[in-house]
Structure formats: structure tokens, C-alpha cells
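The next block holds one structure in the form of C-alpha cells; read it before the comments.
Starting from 1, each residue takes its place in the sequence as its number. As a basis for the values below, the full set of heavy atoms in this structure was taken, side chains included, without hydrogen atoms, waters or symmetry mates.
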Amino acid sequence: MIDFIEETLLLLPFLFVTYLVLEAVEAHAGSALGKFLERARSVGPLAGALAGAIPQCGVSAAAASFYAGGVISVGALIAVFLSTSDELLPVLVSNHAPAQFMAKIVAIKVIAAIAVGFSANAVLSFARHIRRDVSVSELCEHSHCHCSASKGIVVPALIHTLEIFLFIAVISGAIELCMHYFGEDSLKTLMLTKPFFGEVVAGALGLIPNCAVSVAGAELYCKGAMSAGALMASSFTGSGLGLLVLFRTNRNLKENLFILASVYVTGVCLGWLTGHLF
């Protein structure tokens, strides 16, 4: 339970900086900064995949908020989610996993995230799906925070940070309690070593927005209770708190479900395909 509290508190600076940037972008949407961000969207999946590889779930939470504010593309967000590993790498390090093994996991995840992210942007562009412009006002409306330009950028950023932080704390706390009472022993009964079925189940488990799931998955793999394919599937879908923040901040439910389905299906397929590489 202490780990859960620490994880949630460590998210605070990520959230505050994210919303401070969003408020600044909104205030200067027509400036050089806004134009730069528009041009940067074309390489968003590359930057997203590299940023997601950083073993810190705050990156995925920040990316979800940036997407909700219209700053990054759907491809960039999916790339972040797929490359995020949450607590997988620290747990593998603590279990003395070979450096080559961990480097291979990161490399596969980043390469796959880049490919899928650019592909998603290309498909949506071909389908004439137009992402809305940068608009923190929509984010404010969805969050009911009653922000206004007269408050500057710091106060609205603090309001958004507190609102999202409390939401994450409540949901993550409930998940943590479930994991505490059911825990790793229950996961051992899910046949996570069975070909393809293991990837399907592990991919679903990875979607649970709590680091305890990725910790349990890494422990099960090290004990031989989870296949390499299942480990990769749960790692691909395990976007930390990103999906939780996305559903709270983005008002378009269809977009959220599309991203969720894309991450899950892609994660399961990639886990099954890459499992034999280990």
C-alpha cells in the first residue's frame, strides 16, 4: 500500500508540468510555440515511443492529457502507450535479469511503437479523420474546473492537477486493494504459459492501470509462471495510468475506446509474434 501512495505522489510533478504547458499553449496558440507544435505532430510517434521507454508512468499520464488538449496526435499517444513499461524493468533488474534481455525488450517495444504510431496516423489521415486543434478550453469544460483566462496559467494548472490527482488516487486505491487481496497467487491460475491464450489474458491484465500488475507479471515470468509472449503482451498493453487519465480528460468516448482497442489488439498480436525472440 505504501508503494501505491509513493507512486501516486510521484505523479504530481508530471501532472502539474503537463497542465502548465497546456495552459501556456492555449494562451499562445497562435504564437511560434503553437506553430512549432503543429509541425512537431508529424514526428510525434517517434518522440512518443522514445519518451514512453522511460520507466516512469508519469509519461503516459502526461501524454494522455496532451492528447486530450489536442497537442499530440493519436499515433503519438498510441506510441507512448505501447512503449511504456511501467514497473517491468525495475522488477527485472531486481531479479538480476540479463542486461541483454532487458535491452531487447525495450528495443522491440520502441520499434513496434514507432511503426504502429505512424501507421495509425496514416490510416486516420487516409480516412480523413481530422484531429481537433489545440484547445484546453474543451479539457476545462470536460473537467468542470471553471478555469478562466483571468487566473493566468498557474492557477488553472494547479486546479487540473488536483482534480486528476484525486481521481487517480481513488481509482488506483481501489485497484490496489483488489490486488492486495487477490494478488499474484490468483494470477498463477490464469494459464499465462499457454500459447496465444496466455497473450490474450496477459494483454487484458496489462490494461489495468496500476503498477502492481506489471510487478506481478515480471515476478511470474521470473518464476516461470508466465511465457515470454505473455510478458511482452502485458508490457505492450501496460500503459500505466495513461488510459485512466485518457478516459477522465478526453470527452470523446469513441476515440478513447478506439485507442483502448488498438493498444489491446496490437499488444496481444505483438506479444504473440515477439515471444519467440526470447
Is a donor on one side and an acceptor on the other found under 3.5 Å between the side chain of [X] and the backbone of [Y]?
| X | Y | value |
| --- | --- | --- |
| T266 | S262 | yes |
| N121 | G75 | yes |
| T18 | A62 | no |
| S60 | S239 | yes |
| S125 | A122 | no |
| S235 | L231 | no |

Enter the distance from [X]:[atom1] to [Y]:[atom2] here, rounded to the nearest 0.5 Å.
| X | Y | atom1 | atom2 | value |
| --- | --- | --- | --- | --- |
| M226 | K194 | CE | NZ | 15.5 Å |
| L207 | S234 | CG | OG | 10.0 Å |
| R248 | L241 | CZ | CG | 14.5 Å |
| I171 | L244 | CD1 | CG | 6.0 Å |
| S85 | I105 | OG | CD1 | 8.5 Å |
| E219 | L92 | CD | CG | 9.0 Å |

(request) For side-chain contact (heavy atoms from CB on, under 4.5 Å), just list the numbers for F196 and V268, CA-CA rounded to whole Å, side-chain angles, deciding distance to a tenth of an Å, and then say yes or no. (result) CA-CA 8 Å; F196 194 70; V268 169; 4.3 Å; yes

Within the 4.5 Å heavy-atom criterion, are [X] and [Y] side-chain neighbours or not?
| X | Y | result |
| --- | --- | --- |
| I164 | S65 | no |
| F14 | T161 | no |
| L46 | F118 | yes |
| T84 | V59 | no |
| V200 | Y264 | yes |

Which heavy atom of [X] sits nearest a heavy atom of [Y], and at what distance?
| X | Y | value |
| --- | --- | --- |
| S83 | A49 | OG-O, 3.0 Å |
| G203 | T237 | O-OG1, 2.8 Å |
| S227 | E199 | OG-OE2, 4.1 Å |
| A218 | L88 | CB-CD1, 3.7 Å |
| A228 | G275 | CB-O, 3.6 Å |
| A64 | G242 | CB-O, 3.3 Å |

(request) Under the side-chain contact (heavy atoms from CB on, under 4.5 Å) rule, what do V74 and E255 come out as? Steps first, then yes or no, please. (result) CA-CA 9 Å; V74 64; E255 282 185 0; over 6 Å; no

(message) Are there over 12 heavy-atom neighbours, none belonging to F16, within less than 6.0 Å of that residue's CZ?
(response) yes

(message) Check for me, please, whether L77 and I111 land in the same ILVMFWY cluster - side-chain distances under 4.5 Å, paths through other members count.
(response)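 No, it is not one cluster - the side chains of L77 and I111 are not joined through contacts under 4.5 Å.
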
(request) Assess whether side-chain contact (heavy atoms from CB on, under 4.5 Å) is satisfied between M232 and F236, documenting all intermediate values. (result) CA-CA 6 Å; M232 289 303 295; F236 275 120; 3.7 Å; yes

(request) Run through L11, L12, V170 and flag the one making a side-chain contact (heavy atoms from CB on, under 4.5 Å) with F165. (result)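 Result for side-chain contact (heavy atoms from CB on, under 4.5 Å) with F165: L12.
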
(message) Please identify which of these residues, F66, Y19, Y67, meets the side-chain contact (heavy atoms from CB on, under 4.5 Å) condition with T249.
(response)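 Checked F66, Y19, Y67 against T249; only one passes side-chain contact (heavy atoms from CB on, under 4.5 Å): Y19.
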
(message) Walk me through whether F101 and Y221 qualify under ring pair (Phe, Tyr, Trp, His ring centres under 6.0 Å).
(response) CA-CA 13 Å; F101 172 73; Y221 174 77; 5.6 Å; yes

